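In this text, all values refer to a predicted model and were calculated from it rather than measured experimentally. Chain letters run A, B, ... following the sequence lines, proteins first and then strands; every chain starts at 1.
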Amino acid sequence: MTERHNPTAIEKKWQARWEQDRLHEAKDFDPKPKWYFLTMYPYPSGDLHIGHWYAMAPSDAAARYRRMQGYNVVFPIGFDAFGLPAENAAIQHGIHPYKWTTDNINRMRTQLRSMGAMWDWSREIVTCDPEYYRWNQWFFLRMYERGLAYRKLAPVDWCPKDNTTLAREQVVGEERVCERCGTPVIKKNLEQWFLKITAYAEELLDFSGIAWPDRVRVLQENWIGKSVGVEFAMEVKDHPGVSFRVFTTRPDTVYGMTFAVLAPEHPLVDQLVTPDRRREVEAYKFKAARASDIERLSTEKDRDGVFIGAFAVNPMSGEPMPIYIADYVLLTYGTGAIMGVPAHDARDFEFAKKYQLPIPVVIAPPGWDGTPLREAYLGEGTMVNSGAFSGLPSVEGWERIADAMAARGIGERKINYRLHDWLISRQRYWGTPIPIIYCTHCGTVPVRDNELPVVLPLDAEFRPTGESPLKFHEGFRRTTCPNCGRGAERETDTMDTFIDSSWYQYRYVSPHEERHPFEAKRGTYWLPVDQYTGGVEHAVMHLLYTRFWTKVMRDMGMVPFGEPMLRLFNQGVILGEDGEKMSKSRGNVVNPDDYVQNAGADTVRGYLMFIGPWDGGGPWNSRGIEGISRFLQRVWNLVTETTGTREHGNTGTRKDPAASDTRSRVPAIPGSRDLEHWTHKTIKKVTEDLEGFHFNTAISSLMEYVNFLYGIRDEQVGSAQWGEAMRSLVLLLAPMMPHVAEELWEQMGEPYSVHLQRWPSYTEGLANAEVVTLVLQVDGKVRDRVQAAAGLPESEARTIALANERVKKFMDGRQVADVIVVPGRLVNVVTK
RNA sequence: GCGGGCGUGGCGGAACUGGAAGACGCGCAGGGCUUAGGACCCUGUGGGGUCACCCCGUGGGGGUUCGACUCCCUCCGCCCGCACCA
């Protein structure tokens with residue numbers, strides 16, 4: 001009698017054994033080729049979600065597969081331990097963020113271990129540990145030295161609920177809400193710290209040398225928002241020496257300008273406004289400020305503005321143009337001022353209609369009859385009413401006008417980016433203190449390296465208002481100036497937690513290194529990350545920041561490369577059984593622990609991989625998981641009943657199926673070639689699928705293999721081929737279902753551990769079938785199927801088809817016009 | 001509005017480079033085993049018909065081709081991202 005597969009028992013057993021044997025600790029400097037496999041580290045929210053499993057279990061399978069392929073694989077794990085939920089817990093429940101975070105990490109470590117992943121826990125990092133975040137401060141100081149970290153007063157996005165500023169990337173949607181809590185953000189003018197990511201804008205558009213999904217590349221490209229144009233000056237009439245600059249991507253339309261628009265906050269507005277217009281202008285400025293603050297969600301986007309009384313001079317035509325202010329011009333983009341060309345810009349068109357400004361056409365649309373336009377024409381065409389440039393194709397005129405402006409010193413070609421510098425100041429407690437001291441005598445003074453880390457004090461008083469306790473923590477705030485030694489104050493803002501994740505992959509290399517962020521030799525061995533996996537939601541945040549960070553590190557001479565992760569894969573999102581996003585309020589949250597307890601980790605892993613393509617995500621199905629349970633039970637029965645010391649005796653040391661030509665030595669059992677073929681075919685398929693992260697089809701081909709093996713077991717048990725089949729099956733299973741594979745491997749009498757075995761190889765000859773089904777078509781319709789030798793020559797296939805009774809019948813006496821032969825697949829007889 | 005993706009049975013999905021549509025699994029139906037089973041084993045399962053056979057069928061329409069889920073055009077629907085970016 002064979003025991004039933006008991007996942008709970010074997011999973012516990014092997015997890016303990018692997019840990020005891022340090023099976024998952026990666027060895028630095030191993031001569032095997034290295035493979036750095038990284039999956040995004042979790043935020044310690046308290047419970048491991050099925051989404052974590054979906055992200056991590058297939059990653060683990062891929063990492064395990066790499067190891068069996070002969071790589072020295074490191075698969076590290078840690079915790080993204082700073083952040084707001086911890087602080088909110090402190091405010092709401094009186095638990096200190098440190099305790100809340102630590103407790104959660106402890107719970108999640110246990111849950112993560114239940115997955116049976118090959119994480120190297122000896123490299124674990126916890127970002128709220130001073131040992132970690134001191135290097136955030138160190139990096140900050142290096143960036144400060146290089147002018148890449150700076151402080152400025154700027155209108156910034158503020159979340160009133162979380163009581164902090166946010167980076168532009170963290171403000172989402174049309175309603176401009178806080179990425180974290182969904183509250184609409186407001187604008188505030190604040191002194192904040194920024195990192196100069198825009199200095200790398202152009203380079204961040206270059207994705208050469210990395211295999212990242214197009215989706216992420218496009219998101220980043222759009223976010224960076226490069227636009228090529230011309231920036232030129234416009235003088236203000238009757239204000240000698242006063243001018244402002246505008247940016248345009250359409251210098252070819254400059255003769256069509258009939259007005260100019262400044263952003264309401266533009267610094268020149270107060271200076272230029274005429275007394276008779278002042279009241280109206282002030283009123284509009286007030287309204288615009290209010291609108292951008294609160295009610296941007298109003299559906300009406302009426303394109304309004306106010307004339308300020310002054311005129312600008314079109315530098316090309318010399319004509320005066322009324323200057324307006326309007327909130328459709330943003331101070332934060334370009335120069336905060338535009339030329340209004342109503343005929344060739346949709347927004348300017350609307351504006352001109354509303355204020356009855358002329359709409360002269362300067363780019364003639366194809367077939368234009370000279371009548372007024374009903375909407376702005378945005379395309380290319382022939383230039384008209386454009387002085388000396390009339391008659392040119394607009395594409396050429398673009399260049400000629402840009403040249404002319406440059407030659408006359410009016411303006412020059414300019415590239416603008418939508419990307420903003422990264423606002424990293426957070427007015428919160430649970431984060432890395434920014435290592436800056438403000439001295440009344442010396443100004444802004446960086447903390448000296450030997451004073452690092454600036455430790456976040458744990459004795460903090462949390463106020464219900466959400467204000468940072470650091471502001472009121474005298475012991476923290478009061479310090480002495482490193483320069484002059486007099487009393488000074490520390491910066492009380494902390495850093496965005498995306499700082500932590502911008503370089504965490506480097507820290508795993510040597511998590512306890514005390515003199516550097518990471519140890520150089522180990523870094524040289526392991527870096528960069530070979531394969532990264534995680535959710536696409538970080539496309540323009542974490543994934544952009546970490547690229548930026550690496551480029552800075554490269555410029556500092558810390559690494560010889562400019563891209564942190566060579567390959568990226570974005571898994572999909574796992575949904576609730578109802579097909580909706582999982583949420584507590586919907587009550588459709590799947591708790592992986594329950595399933596692990598009942599069905600086992602291998603089954604949960606297998607189900608998540610089987611559900612569909614990994615990047616597709618999809619709804620959880622509690623019935624569907626039974627299919628995997630059954631499959632594993634079938635494998636269990638098959639292996640335990642037909643191999644091992646119990647019944648059939650051990651077949652001896654394992655041989656690579658590809659290396660052993662068993663056919664010549666073992667008495668031929670009818671069908672054994674078939675068995676070998678299936679074994680090799682399956683090895684090939686699973687290998688290719690795991691290579692491309694196609695876990696779903698890898699598992700289905702293993703199912704087919706097992707189904708086949710059940711069908712022939714009575715004839716084949718005891719043969720050498722059967723032994724090879726069993727070993728191959730268990731090896732192929734090992735990356736995806738590591739516990740059951742290890743247990744079966746042991747029961748087969750094979751040497752520990754299955755995970756240290758070499759991945760089985762196959763030969764093409766055996767992977768290909770000897771006999772194929774030849775499809776016979778008449779005029780493209782399948783009329784018969786016949787068995788034929790795989791290497792059948794074309795001429796013979798043709799003969800078979802033409803002699804076929806059913807083919808003849810469907811030809812119905814017509815003449816053969818053509819015969820198309822696809823070797824090994826089909827013959828199509830085309831009739832006249 | 002701009003950009004990206006997707007549309008295949010009751011369900012999740014499969015189909016290499018244009019060559020057997022629906023693999024594998026769930027569900028369902030029938031049978032076996034069993035005191036019993038929601039365990040296990042076997043068989044069947046896209047739709048329709050005049051049912052040993054044939055026709056239709058991958059969102060709709062059109063095209064290219066001997067042959068289209070796959071390529072091209074067009075329309076419809078859904079999802080995601082960005083959005084007054086000059």
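Among the atoms of the strands shown, none is found under 4.0 Å from any heavy atom of A/Tyr705. Across all strands, A/Pro613 comes closer than 4.0 Å only to sugar-phosphate atoms, never to a base (heavy-atom distances). Residue A/Ser701 is out of contact with every strand shown, counting any heavy-atom pair closer than 4.0 Å. Here A/Asp214 lies out of heavy-atom contact (under 4.0 Å) with every strand. Residue A/Asp818 is classed as having no contact, given no heavy-atom separation below 4.0 Å to the nucleic acid. A/Val329 comes within contact range of at least one nucleobase, with a heavy-atom separation under 4.0 Å. Contacts of A/Ile820 with the nucleic acid, taken as non-hydrogen atoms under 4.0 Å apart, include base atoms. Note on A/Arg806: only backbone sugar-phosphate atoms sit closer than 4.0 angstrom, heavy atoms only; bases stay farther off. Heavy atoms of A/Leu219 sit under 4.0 angstrom from primed sugar atoms or phosphate atoms, though from no base atom. A/Val218 comes within contact range of the sugar-phosphate backbone alone, with a heavy-atom separation under 4.0 Å but no base atom that close. Note on A/Arg623: only backbone sugar-phosphate atoms sit closer than 4.0 angstrom, heavy atoms only; bases stay farther off. Nucleic acid contact for A/Asp348: none, since no nucleic acid atom lies under 4.0 Å from a heavy atom of the residue.
A/Trp223 places its CH2 atom 19 Å from the P atom of B/G3, with the value rounded to the nearest Å. Here the C1' atom of nucleotide B/C24 and the CZ atom of A/Phe610 are 5 Å apart, to the nearest Å.
OP1 or OP2 of B/A83 has at least one side-chain nitrogen or oxygen of A/Arg418 nearer than 4.0 Å. Remark: A/Arg215 is not in phosphate contact with B/G4, judged by side-chain N or O atoms under 4.0 Å from OP1 or OP2. Distances shown here put a side-chain N or O of A/Lys781 below 4.0 Å from the OP1 or OP2 atom of B/C56.
With the nearest nucleotide of RNA chain B identified for both A/His420 and A/Thr697, A/Thr697 has the one nearer the 5' end. If A/Lys685 and A/Lys809 are placed on RNA chain B by their nearest nucleotide, the residue sitting closer to the 5' end is A/Lys685.
Residue side chain A/Arg783 does not reach the base of B/C54 through any donor-acceptor N/O pair under 3.5 Å, judged by distance alone. Scanning atom types as modelled, no donor and acceptor separated by under 3.5 angstrom connect the side chain of A/Arg630 and the base of B/C40. Counting distance only, with no hydrogens placed and no angle test, the side-chain atoms of A/Asn828 and the base atoms of B/C66 include a donor-acceptor pair under 3.5 Å.
Within 6.0 Å of CZ in A/Arg217 there are more than 12 heavy atoms belonging to other residues, nucleotides or ligands. Counting heavy-atom neighbours within 6.0 Å of A/Gln787 CD, excluding the residue itself, gives a total above 12.
Using a cut-off of 4.0 Å between Lys/Arg side-chain N and Asp/Glu carboxylate O, A/Arg245 and A/Glu412 are scored as salt-bridged.
Separating the CE atom in A/Met737 from the CZ atom in A/Phe631 is a distance of 5.5 Å, to the nearest 0.5 Å.
At a cut-off of 3.5 Å, with distance as the only test, a side-chain donor of A/Gln633 or A/Arg4 sits close to an acceptor on the other residue.
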